[in-house]
Amino acid sequence: MDRIREKMSHLQADVDKAKAEAEKLTSKVKELEENNLEKDAQIASLTDHHHELEELVERTDKSVRVLKAQRDQDDIQAGHDERRVQALQTSCDQWEAKCKEMAEKHAKLQNDLDSLVGAMGDM
């Protein structure tokens, strides 16, 4: 009978150890599940952030393409404007030369007129 009690005592000790181990493992499983839920939430947050960043990159790329196209159009217009300025400068130079020539002719004619008036006054 003592053997049975001793065996029962060992079995009870084994059951108690098993229960303690089961509780410890259950606690560990619960902790790991909570950790897993936190990680899932972090992954979801990072995934959302990643999508937002991708959308930002797409919008930025589109803006860059639009700005490059506008810059190209501005470069073309600047070329046209530069040629127009050169043409106007050439025209201005020509008018200045004509004006100088006319001023010289005017000065010569004025001298001729003054000489003529002086000669007529002597008569």
Side chain to side chain contact (heavy atoms under 4.5 Å, CB included) against [X], all qualifying residues, sequence neighbours excluded:
X      : answer
Arg84  : Leu88
Leu113 : Gln110, Val117
Lys105 : Glu101, Met102
Lys108 : Asp112

Please tell me whether Gln12 and Asp16 have a donor and an acceptor in their side chains that are separated by less than 3.5 angstrom.
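The criterion, which ignores hydrogens and geometry beyond distance, is satisfied for Asp16 and Gln12.
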Under 3.5 Å, is there a donor-acceptor pair between the His51 and Glu55 side chains?
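No pair is found: no donor N or O on one side chain lies under 3.5 Å from an acceptor on the other.
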Test side-chain hydrogen bond (donor to acceptor under 3.5 Å, both in side chains) applied to Asp93 - qualifying residues, sequence neighbours left out:
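With sequence neighbours excluded, Asp93 shows a side-chain hydrogen bond (donor to acceptor under 3.5 Å, both in side chains) to Gln89, given in chain and number order.
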Using the side-chain hydrogen bond (donor to acceptor under 3.5 Å, both in side chains) criterion, which residues pair with Gln86? Sequence neighbours excluded.
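For Gln86, no residue satisfies side-chain hydrogen bond (donor to acceptor under 3.5 Å, both in side chains) once neighbours in sequence are set aside.
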Atom [atom1] in [X], atom [atom2] in [Y]: separation rounded to 0.5 Å?
X      : Y      : atom1 : atom2 : answer
Leu109 : Leu116 : CG    : CG    : 11.5 Å
Lys68  : Asp75  : NZ    : CG    : 13.0 Å
Lys30  : Asn36  : NZ    : CG    : 15.0 Å
Asp48  : Ile43  : CG    : CD1   : 12.0 Å
Asp2   : Arg5   : CG    : CZ    : 6.5 Å
Lys39  : Leu46  : NZ    : CG    : 10.5 Å

Apply side-chain hydrogen bond (donor to acceptor under 3.5 Å, both in side chains) to Glu31 and Asn35, showing your working.
CA-CA 6 Å; Glu31 179 185 325; Asn35 190 7; over 6 Å; no
Heavy atoms, side chains only, cut-off 4.5 Å: are Arg71 and Leu67 in contact?
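The answer is no, as the side chains (C-beta and beyond) never meet within the 4.5 Å cut-off.
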Could you tell me whether the side chain of Lys7 reaches within less than 4.5 Å of the side chain of Ile4, counting heavy atoms only?
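Counting from C-beta outward, Ile4 and Lys7 never come under 4.5 Å.
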Where do His50 and Glu54 land on the side chain to side chain contact (heavy atoms under 4.5 Å, CB included) test, with the steps shown first?
CA-CA 6 Å; His50 178 74; Glu54 283 180 336; 2.8 Å; yes
Please confirm whether the backbone N or O of Asn111 pairs with a side-chain atom of Ser115, one donor and one acceptor, at under 3.5 Å?
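Checked: pair present.
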Start with the C-alpha gap between Glu23 and Thr26, add the side-chain angles, then the distance that decides, and say whether side chain to side chain contact (heavy atoms under 4.5 Å, CB included) holds.
CA-CA 5 Å; Glu23 287 176 8; Thr26 300; 5.5 Å; no
